[in-house]
Amino acid sequence: MDIFLTNNLTNKKEQFVPRDKKKIGMYVCGPTVYDDPHIGNARPLVIFDILFKVLKEKFSNVTYVRNITDIDDKIIKSSEEQNISTKDLTERVSKNFLDDCKFLNCEDPTHQPKATEHIDLMIKMINELIDKGFAYENNKHVYFEVKKFSDYGKLSNKKIEDLIAGSRVEVSDNKKNSEDFVLWKPSKNNEPSWESPWGKGRPGWHLECSAMSKKFLGNEFDIHGGGIDLIFPHHENEIAQSRCANETKVFANYWVHNAFITMSNEKMAKSQGNILKIKDFKKKISGQVLRLALMSAHYKQPLDWNDKLLNDCYNTIDKWYSVYTSEIKSIKISDEILKPLYEDLNTPGYIAKLHQLFEKANNGEDKELFISACKFVGLLNENSQQWQNYKKNNASINETEIKEKIDLRNKARENKDYEKADEIRDELLDKGVLIEDKDGKTIWKFK
């Protein structure tokens with residue numbers, strides 16, 4: 001069964017045909033570590049983690065590269081605002097990012113290079129672009145001359161003038177043309193800098209990914225991924241500088257982008273003031289509940305984030321744990337069950353399959369298959385006791401209070417005050433506690 005992906009380079013869903021079946025390469029743009037990741041950043045983490053799993057199911061050698069941008073204007077600005085060094089800031093945020101990846105049960109990529117560890121490769125690529133006539137130096141700045149690359153705008157399917165008109169372009173007297181983008185810029189005295197042929201400075205953001213993808217995947221590779229907001233200018237610029245420096249007709253064959261997470265149909269963004277950081281969920285929501293929520297819409301569609309979504313995903317995971325057993329060994333999942341994932345990572349379709357498998361497992365059939373199918377996409381990664389402990393620790397009421405409420409309810413029932421008894425039942429339910437009257441006794445459990 002073949003894999004199909006929506007390729008934004010052609011705006012079509014295409015069969016995935018690797019350059020070399022024995023060597024699959026995927027590069028995904030990682031975080032710029034100036035602030036802790038928010039739930040919008042978590043979507044590509046989960047989506048491309050699932051794609052990594054799908055590719056490994058089909059091919060024996062898959063290399064997944066996800067970079068960490070640890071030098072950037074945003075990082076410098078944030079470090080100044082917090083009055084700490086860029087090194088202290090990036091190390092702290094990088095650690096938090098990796099912790100968040102574990103919380104979401106994402107596998108480690110094959111390589112996770114940092115930009116600051118590859119400045120020499122970036123300088124080398126800039127020199128190549130200058131020597132080949134695609135870049136120029138002016139006043140210690142180096143720019144890529146966009147009009148020298150005839151395919152510019154192919155990924156975003158727009159002409160240069162349309163792209164420039166619809167975006168924020170850096171205005172500088174150092175540039176020949178408004179659309180040209182920076183490859184190297186001088187650093188101020190108090191900013192991080194590296195020695196270069198053009199003076200002390202630092203690389204442009206777009207160049208980082210071109211240099212690091214080349215190191216780990218070569219001049220050409222299979223899949224490049226990231227959020228839809230990266231199509232222009234970041235990915236468009238990557239293609240231009242990489243193809244020109246490497247003298248290739250191709251950079252990446254397939255370009256896969258996930259859509260935004262929204263809140264009340266507005267994009268989640270700092271400018272909107274609606275950022276929800278992953279770390280803020282850790283004390284109240286299981287990572288696998290977040291993971292299921294992030295899978296609940298197709299990656300190409302916006303995902304509206306709300307309490308109902310999280311409650312539904314919590315209830316689903318809790319229901320699925322009712323058939324969980326650690327005694328069952330994982331088994332290989334058939335192509336027929338994985339078919340939705342092969343069809344352009346149709347995670348909602350795969351979740352529907354999991355619901356069908358749960359119904360069978362709940363009737364005592366194919367428990368191994370259901371649990372293995374969940375684990376394939378990073379769900380049911382805790383055992384039953386861990387899940388129950390999570391529920392207990394996150395309940396907004398303790399056992400003593402629960403028993404007191406049940407005693408009050410029993411007295412209300414004895415006094416035929418059924419309205420009061422129902423109020424107490426509802427109050428317990430709101431606090432995550434289910435009660436059941438059975439054989440003259442009231443038993444309870446966390447929802």
(request) Search all heavy atoms of Tyr34 against all heavy atoms of Leu89 and return the closest pair with its distance. (result) O-CD1, 3.9 Å
(request) Evaluate the side chain to side chain contact (heavy atoms under 4.5 Å, CB included) criterion for residues Leu309 and Leu303: first the C-alpha distance (whole Å), next the side-chain angles of each, then the deciding distance (0.1 Å), finally the verdict. (result) CA-CA 10 Å; Leu309 171 67; Leu303 171 60; 4.1 Å; yes
(message) Show, in sequence, the C-alpha distance, side-chain angles and deciding distance for Val17 and Tyr254, and conclude whether the side chain to side chain contact (heavy atoms under 4.5 Å, CB included) test is met.
(response) CA-CA 9 Å; Val17 180; Tyr254 300 85; 3.8 Å; yes
(request) Classify the angle between the aromatic ring planes of Trp255 and His257 as parallel (below 30°), tilted (30 to 60°) or perpendicular (above 60°). (result) parallel
(request) Determine, using ring centers only, whether Phe144 and Tyr136 are less than 6.0 Å apart. (result) no
(request) Would you confirm whether Asp70, through its side chain, and Thr116, through its main-chain N or O, come within 3.5 Å as a donor-acceptor pair? (result) yes
(message) With a 4.0 Å cut-off on N to O distance, would you call Lys58 and Asp335 a salt bridge?
(response) yes
(message) Closer than 4.0 angstrom, basic N to acidic O: yes or no for Asp344 and Lys13?
(response) no
(message) Return the CZ to CD1 distance between Arg66 and Ile68, rounded to the nearest 0.5 Å.
(response) 7.5 Å
(request) Output yes when a side-chain donor or acceptor of Glu266 lies under 3.5 Å from a complementary backbone atom of Met263, and no otherwise. (result) no
(request) Could you check Lys87 against Glu91 for salt bridge (charged side-chain N to carboxylate O under 4.0 Å, His left out), going step by step and ending with a plain yes or no? (result) CA-CA 6 Å; Lys87 184 175 184 291; Glu91 285 182 354; 2.7 Å; yes
(request) Verify, without hydrogens or angle tests, whether Gln301 (side chain) and His298 (backbone) share a donor-acceptor contact under 3.5 angstrom. (result) no
(request) Could you tell me how the ring of Phe370 sits relative to the ring of Trp320: parallel (under 30°), tilted (30 to 60°) or perpendicular (over 60°)? (result) perpendicular
(request) With rounding to the nearest 0.5 Å, note down the distance linking CZ in Phe281 to CG in Leu276. (result) 4.5 Å
(request) Can you see which heavy atom on Leu354 is nearest to which on Ala373, and at what distance? (result) CD2-CB, 3.6 Å
(request) Taking atom types as modelled, find out whether Ser78 and Gln82 have a side-chain donor-acceptor pair closer than 3.5 angstrom. (result) yes
(message) Looking only at the side chains, is there a donor atom on one of Thr6 and Lys300 sitting less than 3.5 Å from an acceptor on the other?
(response) yes
(request) Could you name each residue pair satisfying ring pair (Phe, Tyr, Trp, His ring centres under 6.0 Å) that touches residues 76-114, not counting sequence neighbours? (result) His111-Phe216
(request) Using a strict cut-off of less than 4.0 Å between a Lys/Arg side-chain nitrogen and an Asp/Glu carboxylate oxygen, indicate whether Arg202 and Asp73 qualify as a salt bridge. (result) yes
(request) Could you tell me whether the side chain of Asn7 and the main chain of Lys12 form a donor-acceptor pair under 3.5 Å? (result) no
(message) For Asp49 and Arg291: C-alpha separation, side-chain torsions, deciding distance, then whether salt bridge (charged side-chain N to carboxylate O under 4.0 Å, His left out) applies.
(response) CA-CA 11 Å; Asp49 181 62; Arg291 188 176 177 95; 2.6 Å; yes
(message) If you compare all heavy atoms of Glu220 against all heavy atoms of Val250, which two are closest, and at what distance to 0.1 Å?
(response) CG-O, 3.3 Å
(request) Could you verify whether a donor N or O on one side chain and an acceptor N or O on the other, from Lys214 and Asn246, lie under 3.5 Å apart? (result) yes
(message) Quick one about Gln241 and Ser210 (side-chain donor to acceptor, distance below 3.5 Å, no hydrogens or angles considered), yes or no?
(response) yes
(request) May I ask you to decide if Asp180's main-chain N or O and Lys175's side chain share a donor-acceptor pair within less than 3.5 Å? (result) yes
(message) So for atom NZ, which belongs to Lys77, do other residues, nucleotides or ligands contribute more than 12 heavy atoms lying within a distance under 6.0 Å?
(response) no
(message) Parallel, tilted or perpendicular, judged at 30° and 60°: which one describes the rings of Phe59 and Phe16?
(response) perpendicular
(message) With a 3.5 Å distance limit and no angle check, can you tell me whether Gln288 reaches the backbone of Leu379 through a side-chain donor-acceptor pair?
(response) no
(request) Would you check if the side chain of Ser187 reaches a backbone N or O of Pro192 as a donor-acceptor pair within less than 3.5 Å? (result) yes
(request) Start with the C-alpha gap between Lys277 and Asp35, add the side-chain angles, then the distance that decides, and say whether salt bridge (charged side-chain N to carboxylate O under 4.0 Å, His left out) holds. (result) CA-CA 10 Å; Lys277 292 185 178 178; Asp35 196 6; 2.9 Å; yes
(request) Among Cys29, Ser242, Pro113, find the one that has a side chain to side chain contact (heavy atoms under 4.5 Å, CB included) with Cys209. (result) Cys29
(request) Over 60° means perpendicular and under 30° means parallel, so classify the ring planes of His141 and Tyr143, tilted if in between. (result) parallel
(message) Quick one: does any side-chain atom of Ser372 pair with a main-chain N or O of Ile331 as donor and acceptor, under 3.5 Å?
(response) yes
(message) What I want to find out is whether Lys23 reaches Asp222 closely enough, with some N-O distance under 4.0 Å, to be called a salt bridge.
(response) no
(request) Test Trp184 against Glu137 for side chain to side chain contact (heavy atoms under 4.5 Å, CB included), laying out the working first. (result) CA-CA 9 Å; Trp184 188 266; Glu137 178 195 0; over 6 Å; no
(request) Kindly state each residue pair satisfying salt bridge (Lys or Arg N to Asp or Glu O under 4.0 Å) with at least one member in residues 239-260, sequence neighbours excluded. (result) Lys132-Glu247, Asp151-Arg243
(request) Would you check, one step at a time, whether the test side chain to side chain contact (heavy atoms under 4.5 Å, CB included) holds for Thr347 with Val377? (result) CA-CA 9 Å; Thr347 50; Val377 287; over 6 Å; no
(request) Would you confirm whether the ring centroid of Trp387 sits within less than 6.0 angstrom of the ring centroid of Tyr314? (result) yes
(message) Side chains of Glu238 and His234: any donor to acceptor distance under 3.5 Å?
(response) yes
(request) Flag the pair Arg92 and Asp88 as a salt bridge only when some basic side-chain nitrogen lies within less than 4.0 angstrom of an acidic carboxylate oxygen. (result) no
(request) Provide the full list of salt bridge (Lys or Arg N to Asp or Glu O under 4.0 Å) pairs with a residue in residues 106-121, sequence neighbours left out, each pair given once. (result) Lys53-Glu107, Lys56-Glu107
(request) Would you confirm whether Asn127, through its side chain, and Lys124, through its main-chain N or O, come within 3.5 Å as a donor-acceptor pair? (result) no
